[in-house]
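Below, all heavy atoms of this structure are taken into account, side chains as well, without hydrogens, waters or symmetry copies. Quick note on labels: first sequence line is chain A, next is B, and so on, each numbered from 1.
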Amino acid sequence: MSEIEIVLPDGSVKKMDEGVSVCDLAKSISEGLARNAAAAIIGDDVVSLGTTLKNGDKVQILTSKDPQSLAVLRHSTSHVMAQAVQNLFPQAKLAIGPAIENGFYYDFDIEGHTLTEEDLPKIESEMQRLVKENLTFECYKIEDVDAKIAEFKAQGEIYKAELLEEHKNDSPTLYITKDKDGNALFNDLCRGPHLPNTSFIKAFKLLNVAGAYWRGNEKNKMLQRVYATAFWNKTDLDEYLNFLEEAQKRDHRKLAAQLDLFSIRDEIGSGLILWHPNLATVREEIENYWRSEHRKRGYQIVNTPHMAKSQLWDISGHSSHYRENMYFIQDEETEYVLKPMNCPFHILIYQANRYSYRSLPLRLAELGTVYRNERSGALQGLSRVKGFTQDDAHIFCTPEQLIDEINAIIDFVDYTLKIFGMDYEVELSTRPEKFVGNIDNWDKAEEGLKQALAVKNIKYEINEGDGAFYGPKIDFKLKDAIGRTWQGATIQLDFNLPERFDLKYQDSDGSMKTPIMLHRVIFGSMERFMGVLIEHYAGAFPLWLAPEQVAVVPIADRHAEYAQKVYDKLLNAGIRVRLDDRSESMNYKIREALQDKKVPYVLVMGDREIENNEVAVRARGKGPIGEFSLDAFIEKIEKEIKNREQ
RNA sequence: GCCGGUGUAGCUCAACGGUAGAGCAACGGUUUUGUAAACCGUAGGUUGUAGGUUCGAUUCCUAUCACCGGCUCCA
């Protein structure tokens with residue numbers, strides 16, 4: 001028997017007999033490691049412990065302490081769930097069951113039974129039973145693929161048969177779940193990796209059931225998906241479940257009712273937002289920021305109509321590419337389209353003048369309200385609506401100016417998100433299968449975006465084939481206060497529209513050339529961004545955005561006159577203030593202002609304050625912060641507002 | 001659009017074949033309060049909408065609309 005050399009993470013080399021597995025390696029290192037080993041990494045791949053080692057393999061053994069092992073735990077738990085479901089519903093056909101970001105799911109096709117929330121506890125207890133059996137997961141290479149496909153088909157496992165057919169040349173493997181006597185109880189076509197056995201599975205929770213198309217294609221059958229999660233221990237699981245609860249409390253649709261922010265009415269239609277005064281105030285502040293910041297950064301602000309003749313959309317190509325999302329309005333002779341995008345209008349503004357390379361870039365910005373006919377099931381609160389206002393801008397520039405322009409936008413986005421205390425992740429989406437323009441331009445554009453990101457030293461992920469049909473794009477995923485991500489700003493390159501509209505500028509050599517066009521939004525849409533902000537702040541907007549900044553609370557009726565003076569002075573200083581002179585108890589008024597309305601400052605005043613010509617200040621989340629003269633208080637909050645303090 | 005769930009007072013929920021009830025909010029009164037809910041009372045609903053079954057429907061059935069969890073799509 002010959003020896004092989006294994007490289008351990010510390011760089012040391014260990015000699016092992018040929019044919020040994022990762023598990024043997026773990027045992028040879030220490031008993032404790034062997035007991036705690038969940039999986040391993042060989043090279044770049046996470047593998048099961050049963051994997052046979054090869055000479056020169058770089059091996060890292062994973063325990064529950066290594067972040068990479070969590071996906072293995074979840075994947076194995078998903079197999080246990082599939083096994084439990086098949087035990088309870090023998091007719092259930094298995095589709096796929098991967099680990100996902102915060103847990104895992106498994107898709108089933110169960111004839112004659114529709115899973116509901118009530119089934120989840122039953123499945124969970126069956127899983128508990130299986131886990132207690134201390135089952136092992138063993139990996140087998142499928143030698144005779146065709147025979148196995150036939151077997152799957154005979155069992156009715158049509159989805160597994162389809163998957164195996166597809167992966168027949170990838171040396172497919174089968175994971176068999178066995179009890180302690182070695183009896184095979186369950187098997188699943190699976191690439192792995194898996195835990196050695198179920199003893200690691202200690203904390204899991206089934207979350208919800210949902211429909212999902214087989215392979216994500218809406219032409220395929222709809223399967224039943226069970227979402228679940230698993231962690232190494234109950235503490236982590238509970239923490240995650242608390243997080244879900246916290247997220248639910250922050251739901252902008254719930255907070256909308258409590259804080260009187262917006263509503264959607266049947267009489268108007270779904271996906272159309274009524275902005276109540278409170279949210280309109282937040283929007284006004286944000287629009288003010290948006291306008292002044294655009295001026296500073298060399299943008300010109302424009303306004304364009306809400307509809308245009310069909311002809312315009314024929315030229316832009318939207319009539320063919322975007323038709324199902326457009327609303328048409330028929331006048332006696334002419335057909336109009338409610339604008340789903342602002343770009344064609346900005347292009348026509350470009351066309352109104354002649355440009356040279358010296359007068360570019362031209363940056364046109366608009367808070368442009370667009371209407372898109374969304375599929376009914378897609379609508380959601382403020383996040384997905386039919387009518388919304390994009391903080392849209394289009395930049396027309398020369399190829400030489402492109403990278404600087406992209407960098408400037410990245411700066412703008414970065415600067416803006418910092419104001420809201422939001423972090424972000426960046427994704428670059430490249431050429432899709434269906435695209436317009438020539439590949440050469442596409443390659444250049446993708447390279448340009450990459451360069452711009454490199455100059456800024458920004459880390460990003462690449463979404464192959466996820467670009468728009470007219471150009472590649474950079475997306476910014478906002479991370480809110482509790483770590484959830486939201487689609488926010490995007491920068492899209494466009495070679496298509498400038499050509500369709502035959503846009504020109506005169507270059508330094510006198511020749512006429514076609515400019516490059518950039519589409520970009522910073523917030524995305526006012527609606528979606530407000531939704532994100534509400535959840536980010538859990539409804540407790542910072543002072544500069546708060547619909548009501550200060551509540552004035554006189555303790556008894558005899559203090560009303562003084563309170564009125566305080567109120568008038570604050571109002572005069574441009575503060576959004578409310579005088580609460582109802583004959584309710586002071587405690588009631590404080591509680592309502594802070595808890596229900598989330599007002600940042602409550603000013604309480606009684607005999608003492610009148611005597612000293614002061615106000616007693618209570619800050620949201622901080623409690624009483626002392627007595628201030630009114631001027632000192634105004635000065636303090638004016639500074640906070642100006643600095644947009646969080 | 002698709003799969004599943006849910007629609008009861010302004011809000012949160014109860015009743016589930018016998019004709020709808022509570023808390024908060026609102027309104028009226030009492031209380032005049034010292035840092036997160038004073039007390040008493042009044043009013044408020046063709047139970048999402050339209051059909052059907054039934055002596056009788058909020059409850060059962062059908063259709064439809066909206067919302068929720070997802071899939072797909074997307075700012």
Side-chain angles (χ1 to χ4, degrees), chain A residues 105 107 109 114-119 207-227 248 251 253-254 256-258 260 263-267 269-271 322 324-325 340-342 368-370 372-392 466 468 475-476 486-490 492 519-529 531-532 553-560 581-596 602-609 616-621 623-625:
Chain A
Y105 66 79
D107 286 347
D109 180 0
T114 303
L115 291 175
T116 63
E117 303 278 326
E118 279 123 58
D119 291 315
L207 298 171
N208 53 359
V209 288
Y213 299 108
W214 167 234
R215 324 215 83 180
N217 185 330
E218 61 185 312
K219 294 196 176 71
N220 290 339
K221 182 164 185 180
M222 176 130 322
L223 307 174
Q224 302 183 46
R225 175 171 296 180
V226 179
Y227 281 96
Q248 234 169 27
D251 189 318
R253 295 163 300 192
K254 279 192 181 161
Q258 186 191 329
D260 194 15
S263 59
I264 301 168
R265 294 285 302 253
D266 283 0
E267 296 90 320
S270 58
Y322 210 69
E324 57 185 24
N325 286 298
M341 295 187 183
N342 302 301
T369 304
V370 298
R372 300 182 185 175
N373 191 359
E374 298 291 346
R375 303 169 85 175
S376 59
L379 300 173
Q380 199 202 49
L382 290 175
S383 315
R384 194 72 186 277
V385 291
K386 285 180 177 168
F388 56 99
T389 301
Q390 293 181 300
D391 64 315
D392 211 354
D466 218 26
D475 286 321
F476 292 78
W486 307 81
Q487 169 66 48
T490 95
Q492 306 184 350
H519 306 247
R520 60 105 271 213
V521 286
I522 304 288
F523 297 128
S525 73
M526 299 312 286
E527 285 72 8
R528 184 175 283 179
F529 191 70
V532 174
V553 174
I555 291 173
D557 288 349
R558 65 177 180 279
H559 310 125
D581 55 2
R582 298 174 296 174
S583 14
E584 294 286 351
S585 72
M586 175 198 66
N587 280 336
Y588 177 86
K589 291 193 263 194
I590 290 173
R591 184 185 161 95
E592 187 194 63
L594 292 172
Q595 182 169 292
D596 297 348
V602 179
L603 303 186
V604 179
M605 55 213 63
D607 296 335
R608 285 206 298 272
E609 285 72 24
V617 182
R618 189 181 177 109
R620 183 184 62 199
I625 58 168

A/Val617 vs A/Gln487, nearer the 5' end of RNA chain B by closest nucleotide: A/Val617

Quote, to the nearest angstrom, the P distance that separates B/G34 from B/C27. 24 Å

Span that lies between the C1' atom of B/U59 and that of B/G52, in whole angstrom: 15 Å

Would A/Gln224 and A/Thr116 count as a side chain to side chain contact (heavy atoms under 4.5 Å, CB included) here? Give the steps. CA-CA 10 Å; A/Gln224 302 183 46; A/Thr116 63; over 6 Å; no

Can you identify which nucleotide, out of B/C73, B/U35, B/A75, has its nearest atom closest to the A/Ala378 side chain? B/C73

Report which part of the nucleic acid A/Gly524 touches: base, sugar-phosphate, or nothing (heavy-atom distance under 4.0 Å, all strands). sugar-phosphate

If you take atom types as modelled and just measure distance, does the side chain of A/Asn587 reach the base of B/U35 with a donor-acceptor pair under 3.5 Å? no

Rounded to the nearest Å, what distance is computed from the CD atom of residue A/Glu592 to the C1' atom of nucleotide B/C24? 11 Å

Can you tell me the distance, in whole Å, between the CZ atom of A/Arg528 and the C1' atom of B/A75? 5 Å

Distance, P atom - from B/C2 to B/A63, rounded to whole angstrom: 13 Å

Please report the C-alpha distance between A/Arg528 and A/Arg384 in whole Å, then the side-chain angles of each, then the deciding distance to 0.1 Å, and finally whether the side chain to side chain contact (heavy atoms under 4.5 Å, CB included) criterion is met. CA-CA 7 Å; A/Arg528 184 175 283 179; A/Arg384 194 72 186 277; 3.7 Å; yes

Taking the side chain of A/Asn208 as its heavy atoms from C-beta onward, which of B/G69, B/G70, B/A37 lies nearest to it? B/G69

Distance in angstrom units between A/Glu374 CD and B/C71 C1', rounded: 15 Å

Map A/Tyr227 and A/Gln390 onto RNA chain B by nearest heavy atom, then report which one ends up closer to the 5' terminus. A/Tyr227

Atom pair distance, as rounded to whole Å: NZ in A/Lys219 and C1' in B/C71: 14 Å

For A/Arg375 and B/C74, give me the distance from atom CZ to atom P, rounded to whole Å. 10 Å

Side chain of A/Arg591 (C-beta onward), nearest among B/G70, B/U72, B/A37: B/A37

Which part of the nucleic acid, if any, lies within reach of A/Gly606 when heavy atoms closer than 4.0 Å are counted: base, sugar-phosphate only, or nothing? base

Would you confirm whether A/Asp392, through its side chain, and A/Gly368, through its main-chain N or O, come within 3.5 Å as a donor-acceptor pair? no

Testing B/C74, B/C68, B/G34 for proximity to the side chain of A/Arg372, the answer is B/C74

Over all strands shown, is A/Ala616 touching base, sugar-phosphate only, or nothing at heavy-atom distances under 4.0 angstrom? base

Gap between atoms CD and P, on A/Gln595 and B/A36 respectively (whole Å): 11 Å

Does A/Arg215 get its side chain close enough to the base of B/C71, under 3.5 Å, for a donor-acceptor pair? no

Side-chain donor/acceptor of A/Glu609 to base of B/G34, under 3.5 Å: yes

Roughly how many Å is it from CG in A/Asp596 to C1' in B/A25, rounded to a whole number? 10 Å

With heavy atoms under 4.0 Å as the rule, sort A/Arg558 into base, sugar-phosphate or nothing. sugar-phosphate

Nucleotide of B/A75, B/G34, B/C2 approaching A/Thr490 most closely (side-chain heavy atoms): B/A75

Have a look at A/Thr114 and say if it touches a base, only the backbone sugar-phosphate, or nothing, with a 4.0 Å heavy-atom cut-off. sugar-phosphate

Taking only the side-chain heavy atoms of A/Ile555 (C-beta and beyond), determine which of B/A36, B/G34, B/A38 contains the nearest atom. B/G34

Taking N and O atoms by type only, does the side chain of A/Ser585 place a donor or acceptor under 3.5 Å from a partner on the base of B/A38? no

Taking atom C1' of B/G69 as reference, at what distance in whole Å does atom OH of A/Tyr105 sit? 16 Å

For the P atoms, the ones on B/G10 and on B/G5, what distance do you get once it is rounded to whole angstrom? 28 Å

Distance criterion of 3.5 Å, no angle test: do you see the side chain of A/Arg225 paired donor-to-acceptor with the base of B/C3? no

How is A/Ser270 classified with respect to the nucleic acid when contacts are heavy atoms under 4.0 Å: base, sugar-phosphate, or nothing? sugar-phosphate

Taking the P atom in each of B/G21 and B/U35, what is the distance between them to the nearest angstrom? 41 Å

Would you measure the distance from the C1' atom in B/U19 across to the matching atom in B/U47 and give it in whole Å? 12 Å

When you measure from the side-chain N and O atoms of A/Tyr588 to the phosphate of B/A25, is any distance below 4.0 Å, counting only OP1 and OP2? yes

Does A/Val604 reach a base, just sugar-phosphate, or nothing at all? Heavy atoms under 4.0 Å. base

To check you understand the geometry: which heavy-atom pair defines the closest contact between A/Val604 and A/Glu609, and what is its length? O-CG, 3.8 Å

Using the P atoms only, state how far B/G56 lies from B/G70, rounded to an integer number of Å. 43 Å

Decide side chain to side chain contact (heavy atoms under 4.5 Å, CB included) for A/Asn325 and A/Glu374; before the verdict, give the C-alpha distance in whole Å, the side-chain angles of both, and the deciding distance to 0.1 Å. CA-CA 6 Å; A/Asn325 286 298; A/Glu374 298 291 346; 4.3 Å; yes

For a quick test of reading the model: is some side-chain N or O of A/Gln380 closer than 4.0 Å to OP1 or OP2 of B/G69? yes

What interatomic distance, in whole Å, is found between P of B/A36 and the corresponding atom of B/A75? 47 Å

When you measure only distances, ignoring hydrogens and angles, does the side chain of A/Tyr213 come within 3.5 Å of the base of B/G70 through a donor and an acceptor? no

With the side chain of A/Arg253 defined as its heavy atoms from C-beta on, choose the nearest nucleotide among B/U35, B/C68, B/A75. B/C68

Please work out if A/Val553 contacts a base, only the sugar-phosphate, or nothing of the nucleic acid, heavy-atom cut-off 4.0 Å. nothing

Evaluate A/Arg618 against A/Leu594 for side chain to side chain contact (heavy atoms under 4.5 Å, CB included), listing each step before the verdict. CA-CA 9 Å; A/Arg618 189 181 177 109; A/Leu594 292 172; 3.4 Å; yes

With a 4.0 Å cut-off on heavy atoms, is A/Asp607 in touch with a base, just the backbone sugar-phosphate, or nothing at all? base

A/Arg620 side chain N/O closer than 4.0 Å to the phosphate oxygens (OP1, OP2) of B/A36? no

